[in-house]
Amino acid sequence: MLPDEYRTLPEPELIARIAAAKEKLGPDLVILGHHYQRDEVIRFADHRGDSLELSRVAAAQRKARYIVFCGVDFMAETAAMLCAPSQVVLLPAVDAPCPMAQMAEVGDALTAWDALTARLSRAAARGWGKDALLPITYQNSTAALKAFCGRRGGAVCTSANAQQVFRWALDQGRRILFFPDEWLGRNTALALGIPPQRIAIWDPAELDGGCPDACTERSRSVGQAQVVVWKGHCHVHTFFTVEHVRAVREQYGDITVVVHPECTVEVVQAADLNGSTSFILRAVRDAPPGSRWAVGTEINMVARLAREYLDRTVVPLARSLCGAMYRTNLHNLLYTLEELLHGRFVGQVQVPAETTRWANLALERMLRL
Ligand code: 13P
Ligand code: SF4
């Protein structure tokens with residue numbers, strides 16, 4: 001809980017005190033900031049990046065004793081698992097769970113896994129063995145789900161490397177069970193040339209507790225699938241519609257529409273380009289002056305691009321805000337840093353050793369690719 005005295009501080013004082021705390025903590029501290037953080041927060045980040053880049057930066061930290069993560073829960077968990085046990089990871093927004101990460105619980109994942117592997121082992125005569133399925137989870141998932149995948153030979157992916165990770169699985173002759181984002185899963189499979197009829201969906205809500213019969217029924221319907229996607233989504237990105245794409249094209253004429261692959265298939269297909277937040281950033285940064293861009297991702301990032309590249313037109317495809325990312329602010333960042341100066345850890349993110357061991361297998365498989 002943020003103490004009252006921090007809630008009411010005026011912005012100039014917050015800024016001065018954060019800068020002073022950073023200075024005092026020196027090389028003991030590193031602040032990581034995801035692109036969706038608001039301007040006033042991200043200006044204090046030593047490293048900005050997308051989810052993949054920040055994982056790599058966290059894993060590479062040798063000197064910093066404290067890693068303060070301006071982002072959401074799954075990002076801080078990943079940092080905590082990848083850095084040394086002696087390093088402390090802190091999340092200023094202690095109440096910043098990503099809603100999509102909550103959509104795939106390990107118990108439900110296990111139910112799906114058991115039903116699908118049983119189905120596939122019965123189909124072994126047709127060339128698919130019991131081990132034909134490989135679980136892959138989007139980084140935007142709980143540590144427990146990453147561990148679930150790691151235990152079963154699977155991997156993590158982010159929006160920046162999903163195609164690479166899918167290819168790694170498919171090249172082994174495996175089918176994929178992908179958690180928890182239906183749309184990143186579908187967009188990635190389609191981009192790799194997998195036909196829509198070989199992409200199936202697993203909706204944990206449909207089971208209604210009726211296993212094993214209901215599971216058997218569901219698994220039968222996914223029998224021919226090469227990729228099975230979990231029915232989860234990011235509300236920030238499913239907010240964008242084909243109508244938004246049509247409207248910006250009508251308003252601006254010659255405009256490039258770039259969206260995040262968490263958008264629905266129809267929006268990704270209506271856009272000109274799609275990719276991770278860093279991909280989007282590079283696309284706008286490397287574009288010629290005078291070019292026009294409509295960007296379908298979180299509004300704080302889009303608004304910053306518009307301010308940073310004034311010689312280009314950058315407009316949001318629509319305004320869509322991530323409430324989880326928005327929970328980090330100057331108030332809780334200052335509180336985190338000042339408590340650190342007193343040797344106290346506010347919002348420390350820790351993952352049980354056994355979970356870390358298995359989740360790291362899945363993370364390392366991704367980082368090696
Ligand atoms: P990136 O993988 O582009 O960082 O996206 C993270 C995210 O949360 C998008 O919703
Ligand atoms: Fe989660 Fe979507 Fe926010 Fe990313 S943008 S942190 S996936 S809710």
Side-chain angles (χ1 to χ4, degrees), residues 32-38 41-42 45 47-58 69-79 91-93 95-104 136-142 145-146 155-166 178-185 187-188 229-240 258-264 267-268 271 273-285 295-305 316-328 349 363 366-367:
L32 309 184
H34 188 267
H35 291 310
Y36 291 164
Q37 291 291 303
R38 34 175 133 182
V41 169
I42 206 149
H47 300 274
R48 296 178 186 195
D50 67 8
S51 187
L52 178 63
E53 290 162 345
L54 294 177
S55 299
R56 290 192 189 283
V57 172
F69 212 118
C70 296
V72 289
D73 55 351
F74 68 80
M75 296 180 177
E77 274 184 353
T78 297
L91 185 66
D95 55 348
C98 159
M100 180 164 69
Q102 314 295 311
M103 290 178 191
I136 296 177
T137 183
Y138 192 16
Q139 159 94 310
N140 305 20
S141 58
T142 61
L145 190 65
K146 292 183 178 78
V156 174
C157 74
T158 75
S159 62
N161 61 14
Q163 287 187 32
Q164 251 178 302
V165 176
F166 271 40
F178 181 67
F179 305 98
D181 186 7
E182 173 183 355
W183 300 110
L184 179 66
N187 286 319
T188 305
V229 294
W230 195 259
K231 193 168 175 55
H233 68 276
C234 162
H235 66 96
V236 178
H237 289 93
T238 52
F239 177 75
F240 300 112
V258 59
V259 300
H260 197 280
E262 288 174 16
C263 293
T264 62
V267 167
V268 165
L273 300 169
N274 75 88
S276 78
T277 49
S278 286
F279 170 89
I280 294 172
L281 193 138
R282 284 192 298 272
V284 174
R285 183 195 64 195
V295 183
T297 196
E298 209 275 342
I299 189 64
N300 280 285
M301 175 173 152
V302 184
R304 183 156 54 247
L305 285 173
L317 188 56
R319 293 183 68 83
S320 190
L321 180 121
C322 174
M325 287 282 180
Y326 201 67
R327 291 222 165 81
T328 310
V349 177
L363 283 162
M366 167 183 81
L367 293 172

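All values below were derived from every heavy atom in this structure, side-chain atoms included, with hydrogens, water molecules and symmetry-related copies excluded. Indexing begins at 1, ligand by ligand and atom by atom, following the structure's order.
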- Item | Closest contact, heavy atoms only, Gln37 versus Arg304 |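 In this case the closest contact between Gln37 and Arg304 is O-NH1, 2.9 Å.
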- Check Met366 against Cys157 and note the closest heavy-atom contact, atom names and distance.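 In this case the closest contact between Met366 and Cys157 is SD-CA, 3.7 Å.
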- Query: When rounded to the nearest 0.5 angstrom, what is the spacing between CZ in Phe178 and OG1 in Thr137?
  - Reply: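 Those atoms lie 6.5 Å apart.
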- Task: Can you measure from OG1 (Thr78) to CG (Asp73) and round to the nearest 0.5 angstrom?
- Result: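 The CG atom of Asp73 is 9.5 Å from OG1 of Thr78, to the nearest 0.5 Å.
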- Near atom 2 (Fe) of ligand 2 (under 2.8 Å) - protein N, O or S atoms: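 Less than 2.8 Å away from atom 2 (Fe) of ligand 2 sit Cys234 SG.
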- Item | Residues forming a side chain to side chain donor-acceptor pair (under 3.5 Å) with Arg48, sequence neighbours excluded |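 In terms of side chain to side chain donor-acceptor pair (under 3.5 Å), with neighbours along the sequence ignored, Arg48 is linked to no residue.
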- Item | side chain to side chain donor-acceptor pair (under 3.5 Å) involving Ser159 - partner list, sequence neighbours excluded |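 Once residues adjacent in sequence are excluded, the partners of Ser159 under the side chain to side chain donor-acceptor pair (under 3.5 Å) criterion are His260.
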Short N or O contacts of ligand 1 with protein, under 3.5 Å, listed by atom name?
| from | atom 1 | to | atom 2 | distance (Å) |
| --- | --- | --- | --- | --- |
| ligand 1 | 2 (O) | Ser159 | OG | 2.7 |
| ligand 1 | 3 (O) | Ser159 | OG | 3.1 |
| ligand 1 | 3 (O) | His260 | NE2 | 3.0 |
| ligand 1 | 3 (O) | Thr277 | N | 2.8 |
| ligand 1 | 3 (O) | Thr277 | OG1 | 2.9 |
| ligand 1 | 4 (O) | His34 | NE2 | 2.7 |
| ligand 1 | 4 (O) | Ser51 | N | 2.8 |
| ligand 1 | 4 (O) | Thr277 | OG1 | 3.3 |
| ligand 1 | 5 (O) | His260 | NE2 | 3.3 |
| ligand 1 | 8 (O) | Asn140 | ND2 | 3.2 |
| ligand 1 | 10 (O) | Glu262 | OE1 | 2.8 |
| ligand 1 | 10 (O) | Glu262 | OE2 | 2.9 |

- Query: Judged by modelled atom types alone, do His35 and Ser278 share a side-chain donor-acceptor pair under 3.5 Å?
  - Reply: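 Yes, a side-chain donor-acceptor pair sits under 3.5 Å.
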- Query: In this structure, which one of Glu298, His235, Met301 forms a side chain to side chain contact (heavy atoms under 4.5 Å, CB included) with Cys322?
  - Reply: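 Looking at Glu298, His235, Met301, the match for Cys322 under the side chain to side chain contact (heavy atoms under 4.5 Å, CB included) is Glu298.
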- Any donor and acceptor pair, going by atom type alone, linking the side chain of Trp183 with main-chain N or O of Val268 inside 3.5 Å?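 No; zero donor-acceptor contacts below 3.5 Å.
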